[in-house]
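A, B, ... follow the sequence lines: proteins, then strands. Residue 1 opens every chain.
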Amino acid sequence: MAGWDRNQIAARAALELRDGTYVNLGIGIPTLVSNYIPPGVNVTLQSENGMLGMGPFPFEGEEDPDLINAGKQTITELPQTAYFDSAQSFAMIRGGKIAMAILGAMEVSEKGDLANWMIPGKLVKGMGGAMDLVAGVGRVVVVMDHTSKHGESKVLKDCTLPLTGKAVVDRIITNLGVLDVGHKGLHIVQLADGVTEAELRAATEATIVG
Amino acid sequence: MNKEYSSAAAALDGLLFDGMTIASGGFGLCGIPELLIAAIRDAGTKDLTIASNNAGVDGFGLGVLLATRQVRKMISSYVGENAEFMRQYLSGELELEFNPQGTLAERLRAGGAGIPGFYTRTGVGTVIAEGKEHKDFSGETFILERGIVADLAIVKAWKADPSGNLVFRKTARNFNPPVATSGKVCVVEVEEIVPLGSLDPDTIHLPGIYVHRLIQGEHEKRIENRTTRKREAA
(Lines give C-alpha, C1' and ligand atoms only; values in the text may rest on other atoms or scores of the structure.)
Protein backbone atom coordinates (compact mmCIF):
# COMPACT_ATOMS: atom_id res chain seq x y z
CA MET A 1 0.00 0.00 0.00
CA ALA A 2 1.62 3.22 -1.14
CA GLY A 3 -1.18 5.73 -1.75
CA TRP A 4 -0.99 9.42 -2.57
CA ASP A 5 1.02 12.11 -0.79
CA ARG A 6 -0.35 15.61 -0.09
CA ASN A 7 0.57 16.89 -3.52
CA GLN A 8 -0.92 13.86 -5.27
CA ILE A 9 -4.16 14.30 -3.30
CA ALA A 10 -4.19 17.95 -4.40
CA ALA A 11 -3.49 16.97 -8.02
CA ARG A 12 -6.37 14.46 -7.94
CA ALA A 13 -8.67 17.07 -6.41
CA ALA A 14 -7.73 19.50 -9.21
CA LEU A 15 -9.36 17.08 -11.68
CA GLU A 16 -12.68 17.98 -10.02
CA LEU A 17 -12.44 21.56 -11.29
CA ARG A 18 -14.78 22.43 -14.16
CA ASP A 19 -13.96 25.02 -16.78
CA GLY A 20 -15.64 28.39 -16.36
CA THR A 21 -16.64 27.93 -12.70
CA TYR A 22 -16.07 29.86 -9.48
CA VAL A 23 -14.38 27.83 -6.75
CA ASN A 24 -13.34 28.30 -3.12
CA LEU A 25 -10.27 26.46 -1.83
CA GLY A 26 -9.77 25.96 1.90
CA ILE A 27 -6.54 26.15 3.87
CA GLY A 28 -3.94 23.33 3.86
CA ILE A 29 -4.01 20.64 1.14
CA PRO A 30 -6.86 22.51 -0.65
CA THR A 31 -4.56 25.49 -1.19
CA LEU A 32 -2.15 23.18 -3.07
CA VAL A 33 -4.91 22.37 -5.57
CA SER A 34 -4.26 25.67 -7.36
CA ASN A 35 -0.82 24.32 -8.37
CA TYR A 36 -2.45 21.50 -10.38
CA ILE A 37 -5.27 23.16 -12.32
CA PRO A 38 -5.36 21.19 -15.61
CA PRO A 39 -4.45 23.01 -18.84
CA GLY A 40 -7.51 24.41 -20.58
CA VAL A 41 -9.51 24.57 -17.35
CA ASN A 42 -10.19 28.15 -16.42
CA VAL A 43 -11.48 28.58 -12.88
CA THR A 44 -11.88 31.75 -10.83
CA LEU A 45 -10.81 31.34 -7.22
CA GLN A 46 -12.86 33.05 -4.53
CA SER A 47 -11.31 34.17 -1.27
CA GLU A 48 -14.06 34.65 1.27
CA ASN A 49 -12.50 37.76 2.80
CA GLY A 50 -13.72 39.56 -0.31
CA MET A 51 -12.08 38.70 -3.62
CA LEU A 52 -12.74 36.85 -6.85
CA GLY A 53 -9.80 36.11 -9.10
CA MET A 54 -7.10 35.26 -6.57
CA GLY A 55 -3.58 35.36 -8.01
CA PRO A 56 -0.32 33.73 -6.85
CA PHE A 57 1.91 34.88 -3.97
CA PRO A 58 3.69 38.19 -4.70
CA PHE A 59 7.38 38.48 -5.52
CA GLU A 60 9.51 39.36 -2.53
CA GLY A 61 9.26 43.10 -1.84
CA GLU A 62 5.89 43.41 -3.58
CA GLU A 63 3.73 42.24 -0.64
CA ASP A 64 0.71 44.46 -0.05
CA PRO A 65 -0.83 44.46 3.46
CA ASP A 66 -4.19 45.33 1.87
CA LEU A 67 -4.16 42.21 -0.31
CA ILE A 68 -4.47 38.89 1.53
CA ASN A 69 -6.38 35.64 1.21
CA ALA A 70 -8.61 33.93 3.77
CA GLY A 71 -5.50 32.31 5.29
CA LYS A 72 -4.14 35.86 5.84
CA GLN A 73 -1.34 35.16 3.33
CA THR A 74 -0.16 37.93 1.02
CA ILE A 75 -1.34 37.30 -2.55
CA THR A 76 -1.74 39.17 -5.86
CA GLU A 77 -4.58 40.14 -8.16
CA LEU A 78 -5.31 39.07 -11.74
CA PRO A 79 -6.80 40.97 -14.69
CA GLN A 80 -10.27 39.60 -13.85
CA THR A 81 -10.05 40.32 -10.09
CA ALA A 82 -12.96 41.93 -8.28
CA TYR A 83 -13.15 43.02 -4.63
CA PHE A 84 -16.24 43.21 -2.42
CA ASP A 85 -17.20 43.26 1.24
CA SER A 86 -17.73 40.26 3.54
CA ALA A 87 -21.54 40.44 3.38
CA GLN A 88 -21.41 40.34 -0.42
CA SER A 89 -18.82 37.54 -0.26
CA PHE A 90 -21.07 35.30 1.79
CA ALA A 91 -24.15 36.32 -0.18
CA MET A 92 -22.54 34.70 -3.23
CA ILE A 93 -21.53 31.67 -1.14
CA ARG A 94 -24.91 31.24 0.57
CA GLY A 95 -26.69 32.08 -2.68
CA GLY A 96 -25.17 29.08 -4.45
CA LYS A 97 -23.10 31.09 -6.94
CA ILE A 98 -19.88 29.26 -6.04
CA ALA A 99 -19.84 25.94 -7.90
CA MET A 100 -17.54 24.05 -5.57
CA ALA A 101 -15.52 24.21 -2.38
CA ILE A 102 -12.53 21.98 -1.72
CA LEU A 103 -11.98 21.75 2.03
CA GLY A 104 -9.91 19.86 4.57
CA ALA A 105 -11.53 17.60 7.18
CA MET A 106 -10.85 16.02 10.56
CA GLU A 107 -13.69 13.51 10.10
CA VAL A 108 -16.31 12.76 7.48
CA SER A 109 -19.25 10.37 7.70
CA GLU A 110 -20.99 8.06 5.24
CA LYS A 111 -23.97 10.46 5.32
CA GLY A 112 -21.76 13.32 4.16
CA ASP A 113 -21.46 14.96 7.57
CA LEU A 114 -18.28 17.00 7.92
CA ALA A 115 -16.28 17.86 11.06
CA ASN A 116 -13.37 20.21 10.53
CA TRP A 117 -13.45 23.02 13.07
CA MET A 118 -13.37 21.86 16.67
CA ILE A 119 -11.86 19.25 18.97
CA PRO A 120 -13.57 19.48 22.38
CA GLY A 121 -11.12 20.08 25.19
CA LYS A 122 -8.45 21.32 22.80
CA LEU A 123 -7.78 24.81 21.53
CA VAL A 124 -10.84 26.08 19.69
CA LYS A 125 -10.02 28.57 16.99
CA GLY A 126 -13.39 28.88 15.30
CA MET A 127 -15.15 27.82 12.14
CA GLY A 128 -14.31 30.87 10.06
CA GLY A 129 -16.26 30.59 6.82
CA ALA A 130 -16.40 26.79 6.65
CA MET A 131 -20.00 26.40 7.89
CA ASP A 132 -21.24 28.95 5.36
CA LEU A 133 -19.30 27.31 2.54
CA VAL A 134 -20.58 23.79 3.13
CA ALA A 135 -24.14 25.09 3.53
CA GLY A 136 -24.03 27.23 0.41
CA VAL A 137 -21.81 26.01 -2.42
CA GLY A 138 -22.98 23.66 -5.14
CA ARG A 139 -20.57 20.83 -4.48
CA VAL A 140 -18.32 20.04 -1.51
CA VAL A 141 -15.16 18.00 -2.07
CA VAL A 142 -13.18 17.03 1.01
CA VAL A 143 -9.44 16.27 0.91
CA MET A 144 -7.90 14.56 3.92
CA ASP A 145 -5.78 11.73 5.25
CA HIS A 146 -7.83 8.55 5.42
CA THR A 147 -6.62 7.64 8.91
CA SER A 148 -5.27 9.42 11.99
CA LYS A 149 -1.64 9.24 13.10
CA HIS A 150 -2.71 6.30 15.28
CA GLY A 151 -4.19 4.48 12.27
CA GLU A 152 -7.83 5.10 13.18
CA SER A 153 -10.24 5.68 10.32
CA LYS A 154 -11.38 9.27 9.76
CA VAL A 155 -14.02 8.10 7.29
CA LEU A 156 -16.75 7.07 9.72
CA LYS A 157 -20.31 5.85 10.08
CA ASP A 158 -20.93 8.91 12.27
CA CYS A 159 -18.62 11.79 13.09
CA THR A 160 -17.52 11.95 16.74
CA LEU A 161 -16.44 15.63 16.60
CA PRO A 162 -18.78 18.66 16.49
CA LEU A 163 -20.09 19.09 12.94
CA THR A 164 -19.33 21.82 10.45
CA GLY A 165 -22.30 20.71 8.37
CA LYS A 166 -24.77 17.85 8.13
CA ALA A 167 -25.09 15.85 4.88
CA VAL A 168 -22.98 18.37 2.96
CA VAL A 169 -20.06 16.37 1.49
CA ASP A 170 -20.33 15.05 -2.09
CA ARG A 171 -16.89 13.52 -2.66
CA ILE A 172 -13.99 12.47 -0.41
CA ILE A 173 -10.42 12.37 -1.72
CA THR A 174 -7.85 10.80 0.61
CA ASN A 175 -4.36 9.32 0.41
CA LEU A 176 -6.06 5.96 -0.29
CA GLY A 177 -8.52 6.95 -3.02
CA VAL A 178 -11.73 8.67 -4.02
CA LEU A 179 -15.16 7.96 -2.50
CA ASP A 180 -18.60 9.39 -3.27
CA VAL A 181 -21.33 9.89 -0.70
CA GLY A 182 -24.42 7.96 -1.82
CA HIS A 183 -27.86 7.40 -0.34
CA LYS A 184 -26.96 4.29 1.64
CA GLY A 185 -23.21 4.68 2.08
CA LEU A 186 -20.01 5.40 0.23
CA HIS A 187 -19.14 4.37 -3.32
CA ILE A 188 -15.56 3.73 -4.38
CA VAL A 189 -14.72 5.95 -7.37
CA GLN A 190 -10.98 5.36 -7.59
CA LEU A 191 -8.15 3.67 -5.69
CA ALA A 192 -4.93 5.59 -5.10
CA ASP A 193 -1.76 4.27 -6.75
CA GLY A 194 -0.72 0.96 -5.17
CA VAL A 195 -3.79 0.74 -2.91
CA THR A 196 -6.05 -2.33 -3.14
CA GLU A 197 -9.79 -2.27 -2.56
CA ALA A 198 -9.30 -4.51 0.48
CA GLU A 199 -6.84 -2.02 1.96
CA LEU A 200 -9.21 0.89 1.36
CA ARG A 201 -12.11 -1.03 2.94
CA ALA A 202 -9.97 -2.03 5.93
CA ALA A 203 -9.06 1.62 6.57
CA THR A 204 -12.68 2.79 6.31
CA GLU A 205 -15.10 2.50 9.24
CA ALA A 206 -17.96 3.88 7.14
CA THR A 207 -20.23 1.62 5.11
CA ILE A 208 -18.99 1.10 1.57
CA VAL A 209 -21.90 0.00 -0.62
CA GLY A 210 -20.11 -0.24 -3.91
CA MET B 1 -21.19 68.81 6.22
CA ASN B 2 -17.71 68.31 7.63
CA LYS B 3 -17.21 65.19 9.71
CA GLU B 4 -13.46 65.56 10.25
CA TYR B 5 -11.94 65.35 13.71
CA SER B 6 -8.37 66.14 14.70
CA SER B 7 -7.52 62.82 16.39
CA ALA B 8 -8.89 59.41 17.23
CA ALA B 9 -9.41 60.50 20.85
CA ALA B 10 -11.34 63.59 19.73
CA ALA B 11 -13.46 61.53 17.34
CA LEU B 12 -14.43 59.11 20.12
CA ASP B 13 -15.12 61.83 22.69
CA GLY B 14 -18.53 61.32 24.33
CA LEU B 15 -19.20 58.05 22.54
CA LEU B 16 -17.58 55.51 24.88
CA PHE B 17 -19.17 53.94 27.95
CA ASP B 18 -18.50 50.81 30.02
CA GLY B 19 -20.45 47.73 28.92
CA MET B 20 -21.03 49.00 25.39
CA THR B 21 -21.10 46.94 22.19
CA ILE B 22 -18.57 47.85 19.52
CA ALA B 23 -18.46 46.42 16.00
CA SER B 24 -15.00 46.53 14.43
CA GLY B 25 -14.02 46.14 10.77
CA GLY B 26 -11.08 44.13 9.49
CA PHE B 27 -10.10 40.58 8.57
CA GLY B 28 -7.07 39.32 10.44
CA LEU B 29 -4.89 42.43 10.65
CA CYS B 30 -6.03 43.64 7.21
CA GLY B 31 -8.19 46.75 7.19
CA ILE B 32 -8.46 47.09 10.97
CA PRO B 33 -9.15 50.46 12.63
CA GLU B 34 -5.83 50.43 14.44
CA LEU B 35 -5.87 54.11 15.48
CA LEU B 36 -9.37 53.93 16.99
CA ILE B 37 -8.50 50.69 18.80
CA ALA B 38 -5.48 52.42 20.36
CA ALA B 39 -7.67 55.36 21.40
CA ILE B 40 -10.20 53.02 23.06
CA ARG B 41 -7.29 51.43 24.94
CA ASP B 42 -6.17 54.88 26.11
CA ALA B 43 -9.73 55.78 27.14
CA GLY B 44 -9.85 52.66 29.34
CA THR B 45 -13.49 51.84 28.53
CA LYS B 46 -14.32 48.48 30.17
CA ASP B 47 -16.62 45.44 29.85
CA LEU B 48 -16.78 45.76 26.09
CA THR B 49 -18.64 43.37 23.83
CA ILE B 50 -16.83 43.41 20.52
CA ALA B 51 -18.22 42.01 17.27
CA SER B 52 -15.25 41.44 14.97
CA ASN B 53 -14.36 38.57 12.67
CA ASN B 54 -11.03 38.08 14.47
CA ALA B 55 -9.49 39.18 17.76
CA GLY B 56 -6.17 40.56 16.54
CA VAL B 57 -2.80 39.21 17.63
CA ASP B 58 -0.86 39.70 20.84
CA GLY B 59 0.04 43.38 20.95
CA PHE B 60 -1.71 44.52 17.77
CA GLY B 61 -5.24 45.04 16.57
CA LEU B 62 -7.92 44.06 19.09
CA GLY B 63 -5.18 42.16 20.95
CA VAL B 64 -4.28 45.45 22.66
CA LEU B 65 -7.75 45.66 24.25
CA LEU B 66 -7.46 42.06 25.41
CA ALA B 67 -4.08 42.78 27.00
CA THR B 68 -5.64 45.59 29.06
CA ARG B 69 -8.63 43.35 29.99
CA GLN B 70 -11.14 45.83 28.55
CA VAL B 71 -13.08 43.14 26.67
CA ARG B 72 -15.80 41.10 28.37
CA LYS B 73 -17.07 39.26 25.29
CA MET B 74 -16.04 38.64 21.69
CA ILE B 75 -18.40 37.76 18.82
CA SER B 76 -16.08 36.29 16.19
CA SER B 77 -15.67 33.52 13.62
CA TYR B 78 -11.97 32.78 14.12
CA VAL B 79 -9.66 33.68 16.99
CA GLY B 80 -6.68 31.41 16.47
CA GLU B 81 -3.79 33.87 16.42
CA ASN B 82 -3.85 35.27 19.90
CA ALA B 83 -2.27 33.58 22.95
CA GLU B 84 -3.61 36.12 25.46
CA PHE B 85 -7.10 35.62 24.05
CA MET B 86 -6.82 31.87 24.57
CA ARG B 87 -5.51 32.30 28.10
CA GLN B 88 -8.40 34.58 29.12
CA TYR B 89 -10.95 32.38 27.35
CA LEU B 90 -9.74 29.12 28.87
CA SER B 91 -9.62 30.70 32.36
CA GLY B 92 -13.20 31.93 31.98
CA GLU B 93 -12.32 35.64 32.10
CA LEU B 94 -13.50 36.23 28.54
CA GLU B 95 -16.80 35.22 26.98
CA LEU B 96 -16.79 34.05 23.38
CA GLU B 97 -19.66 33.68 20.94
CA PHE B 98 -18.62 31.94 17.75
CA ASN B 99 -20.53 32.99 14.65
CA PRO B 100 -19.94 31.48 11.22
CA GLN B 101 -18.17 34.17 9.21
CA GLY B 102 -21.00 34.72 6.73
CA THR B 103 -23.58 34.73 9.51
CA LEU B 104 -21.58 37.41 11.35
CA ALA B 105 -21.29 39.53 8.18
CA GLU B 106 -25.02 39.19 7.49
CA ARG B 107 -25.97 39.91 11.11
CA LEU B 108 -24.09 43.21 10.84
CA ARG B 109 -25.56 43.99 7.42
CA ALA B 110 -29.06 43.12 8.61
CA GLY B 111 -28.72 45.18 11.80
CA GLY B 112 -27.68 48.17 9.73
CA ALA B 113 -30.51 47.63 7.27
CA GLY B 114 -33.27 47.54 9.88
CA ILE B 115 -33.72 43.77 9.63
CA PRO B 116 -33.99 42.22 13.13
CA GLY B 117 -33.43 38.64 11.98
CA PHE B 118 -32.99 36.38 8.98
CA TYR B 119 -33.10 32.67 8.20
CA THR B 120 -29.98 30.89 7.00
CA ARG B 121 -29.01 27.32 6.16
CA THR B 122 -25.55 27.92 7.68
CA GLY B 123 -25.02 25.93 10.87
CA VAL B 124 -28.13 23.73 10.66
CA GLY B 125 -27.37 20.44 12.43
CA THR B 126 -24.39 21.92 14.30
CA VAL B 127 -23.86 23.43 17.78
CA ILE B 128 -24.47 26.85 16.20
CA ALA B 129 -28.15 25.94 15.69
CA GLU B 130 -28.77 24.94 19.31
CA GLY B 131 -31.48 27.06 20.94
CA LYS B 132 -32.30 28.89 17.71
CA GLU B 133 -35.65 28.86 15.93
CA HIS B 134 -35.76 26.35 13.04
CA LYS B 135 -38.06 26.86 10.09
CA ASP B 136 -38.58 24.91 6.87
CA PHE B 137 -38.84 26.67 3.54
CA SER B 138 -39.56 24.53 0.45
CA GLY B 139 -38.56 21.39 2.32
CA GLU B 140 -35.24 22.70 3.58
CA THR B 141 -34.42 23.67 7.16
CA PHE B 142 -33.10 27.10 8.13
CA ILE B 143 -32.25 28.76 11.45
CA LEU B 144 -33.08 32.25 12.67
CA GLU B 145 -30.13 34.57 13.25
CA ARG B 146 -30.45 38.06 14.74
CA GLY B 147 -29.25 41.34 13.28
CA ILE B 148 -26.57 43.20 15.26
CA VAL B 149 -26.95 46.88 16.08
CA ALA B 150 -23.77 48.11 17.78
CA ASP B 151 -23.49 51.15 20.03
CA LEU B 152 -20.42 52.11 18.03
CA ALA B 153 -18.89 50.96 14.74
CA ILE B 154 -15.16 51.48 14.19
CA VAL B 155 -13.98 51.26 10.61
CA LYS B 156 -10.84 51.63 8.48
CA ALA B 157 -11.13 52.89 4.90
CA TRP B 158 -8.56 54.04 2.37
CA LYS B 159 -9.93 57.44 1.37
CA ALA B 160 -12.78 59.64 2.43
CA ASP B 161 -14.11 63.03 1.46
CA PRO B 162 -15.13 65.41 4.26
CA SER B 163 -18.78 64.32 3.92
CA GLY B 164 -17.79 60.76 4.87
CA ASN B 165 -18.06 59.08 1.48
CA LEU B 166 -15.64 56.13 1.63
CA VAL B 167 -13.40 54.21 -0.74
CA PHE B 168 -11.72 51.01 0.43
CA ARG B 169 -8.64 49.35 -1.03
CA LYS B 170 -8.42 45.71 -2.19
CA THR B 171 -9.20 43.08 0.47
CA ALA B 172 -8.98 45.69 3.25
CA ARG B 173 -12.66 46.34 2.54
CA ASN B 174 -13.78 43.00 4.10
CA PHE B 175 -16.06 43.54 7.13
CA ASN B 176 -15.75 47.33 7.15
CA PRO B 177 -18.89 48.27 5.13
CA PRO B 178 -21.32 45.97 7.00
CA VAL B 179 -19.71 46.98 10.31
CA ALA B 180 -20.12 50.66 9.44
CA THR B 181 -23.83 50.24 8.76
CA SER B 182 -24.41 48.30 12.02
CA GLY B 183 -23.38 51.17 14.28
CA LYS B 184 -25.71 53.64 15.96
CA VAL B 185 -22.65 55.83 15.56
CA CYS B 186 -19.84 55.10 13.12
CA VAL B 187 -16.31 56.49 13.41
CA VAL B 188 -13.96 55.96 10.48
CA GLU B 189 -10.20 56.28 10.14
CA VAL B 190 -8.67 56.74 6.69
CA GLU B 191 -5.25 57.13 5.15
CA GLU B 192 -6.29 60.25 3.31
CA ILE B 193 -9.15 62.74 3.45
CA VAL B 194 -9.45 64.19 -0.04
CA PRO B 195 -11.24 67.44 -0.99
CA LEU B 196 -14.97 67.38 -1.59
CA GLY B 197 -15.64 66.62 -5.24
CA SER B 198 -12.44 64.69 -5.87
CA LEU B 199 -14.04 61.24 -5.42
CA ASP B 200 -15.97 60.05 -8.47
CA PRO B 201 -19.52 59.54 -7.07
CA ASP B 202 -19.79 56.34 -9.13
CA THR B 203 -16.81 54.75 -7.37
CA ILE B 204 -17.82 55.39 -3.74
CA HIS B 205 -18.03 52.06 -1.87
CA LEU B 206 -19.96 53.33 1.15
CA PRO B 207 -21.93 56.58 1.15
CA GLY B 208 -21.33 59.11 3.92
CA ILE B 209 -24.79 58.68 5.41
CA TYR B 210 -23.34 55.77 7.42
CA VAL B 211 -20.34 57.78 8.64
CA HIS B 212 -20.60 60.22 11.55
CA ARG B 213 -17.00 61.07 12.41
CA LEU B 214 -13.79 60.86 10.45
CA ILE B 215 -10.08 61.00 11.11
CA GLN B 216 -6.99 60.79 8.95
CA GLY B 217 -3.82 59.17 10.24
CA GLU B 218 -0.70 57.09 9.68
CA HIS B 219 -1.27 53.33 9.65
CA GLU B 220 1.21 50.60 10.43
CA LYS B 221 -0.75 48.04 8.37
CA ARG B 222 1.08 45.03 9.75
CA ILE B 223 1.24 41.84 7.64
CA GLU B 224 0.17 38.73 9.54
CA ASN B 225 1.41 36.00 7.19
CA ARG B 226 3.97 37.15 4.63
CA THR B 227 4.10 34.72 1.68
CA THR B 228 6.11 35.29 -1.48
CA ARG B 229 7.36 33.43 -4.56
CA LYS B 230 10.78 33.42 -6.16
CA ARG B 231 11.39 35.33 -9.37
CA GLU B 232 12.17 33.09 -12.33
CA ALA B 233 15.77 33.58 -13.46
CA ALA B 234 15.72 35.82 -16.53
- request: Between chain A and each of B:Arg169, B:Arg109, B:Glu106, count heavy-atom pairs under 4.5 Å; write down the option with the most.
  value: B:Arg169
message: Ignoring hydrogens and geometry beyond distance, is a side-chain donor-acceptor pair present between A:Gln80 and A:Thr44 at under 3.5 Å?
response: no
query: Stepwise, does the side chain to side chain donor-acceptor pair (under 3.5 Å) test hold for A:Arg12 with A:Gln190?
result: CA-CA 10 Å; A:Arg12 176 59 189 81; A:Gln190 186 183 349; 2.6 Å; yes
message: I'd like to know if B:Glu97 pairs up with B:Arg107 as an ion pair, taking the criterion as any Lys NZ or Arg NE/NH1/NH2 lying under 4.0 Å from an Asp or Glu carboxylate oxygen.
response: yes
- prompt: Of the backbone (N, CA, C, O) and the side chain (C-beta and beyond), which part of B:Val124 lies under 4.5 Å from a heavy atom of chain A, both, or neither?
  reply: backbone
query: Which bit of B:Leu108 is near chain A, if near means a heavy-atom gap under 4.5 Å: side chain, backbone, both or neither?
result: neither
Portion of B:Asn54 that has a non-hydrogen atom of chain A nearer than 4.5 angstrom: side chain
message: Which atoms of A:Glu48 are under 4.5 Å from chain B, going by heavy atoms: the side chain, the backbone, both sets, or neither?
response: both
message: Between A:Gln46 and A:Asn24, do the side chains contain a donor N or O and an acceptor N or O under 3.5 Å apart?
response: yes
query: With a 4.5 angstrom heavy-atom cut-off, which part of A:Asn69 approaches chain B: side chain, backbone, both or neither?
result: backbone
message: Side chains of B:Ser52 and B:Ser76: any donor to acceptor distance under 3.5 Å?
response: no
Donor-acceptor side-chain pairing of B:Tyr89 and B:Glu95 below 3.5 angstrom: no
Between B:Lys230, B:His205, B:Lys221, B:Arg222, the one whose heavy-atom pairs under 4.5 Å with chain A are most numerous: B:Lys221
- prompt: Most heavy-atom pairs under 4.5 angstrom with chain B, which of A:Ala87, A:Gly61, A:Gly50, A:Ala91?
  reply: A:Ala87
Steps toward side chain to side chain donor-acceptor pair (under 3.5 Å) verdict (B:Ser138, B:Glu140): CA-CA 6 Å; B:Ser138 308; B:Glu140 241 191 304; over 6 Å; no
message: Which one wins on heavy-atom pair count under 4.5 Å against chain B: A:Ala115, A:Gly136, A:Pro56, A:Ser86?
response: A:Ser86
message: Quick check on B:Leu206 against chain A: is it the side chain, the backbone, both or neither that has a heavy atom closer than 4.5 Å?
response: neither
Side chain to side chain donor-acceptor pair (under 3.5 Å) evaluation trace for A:Thr164 with A:Asn116: CA-CA 6 Å; A:Thr164 308; A:Asn116 74 352; 2.6 Å; yes
message: Run A:Ser153 and A:Thr204 through side chain to side chain donor-acceptor pair (under 3.5 Å) and show every step you take.
response: CA-CA 6 Å; A:Ser153 184; A:Thr204 306; 5.1 Å; no
field: Contacting region of A:Ser47 [heavy-atom separation from chain B under 4.5 Å]
entry: neither
message: Regarding A:Arg171 and A:Asp180, does a basic nitrogen lie under 4.0 Å from an acidic carboxylate oxygen?
response: yes
Most contacts with chain A, counted as non-hydrogen pairs under 4.5 angstrom, among B:Leu104, B:Asn99, B:Ile223: B:Ile223
task: Check each atom of A:Ile68 against the heavy atoms of chain B and say whether the ones under 4.5 Å are side chain, backbone, both or neither.
output: both
field: Residue B:Arg121 versus chain A: region with a heavy atom under 4.5 Å
entry: both
message: Taking every non-hydrogen pair under 4.5 Å, which of A:Ile93, A:Asp64, A:Val134 racks up the most with chain B?
response: A:Asp64
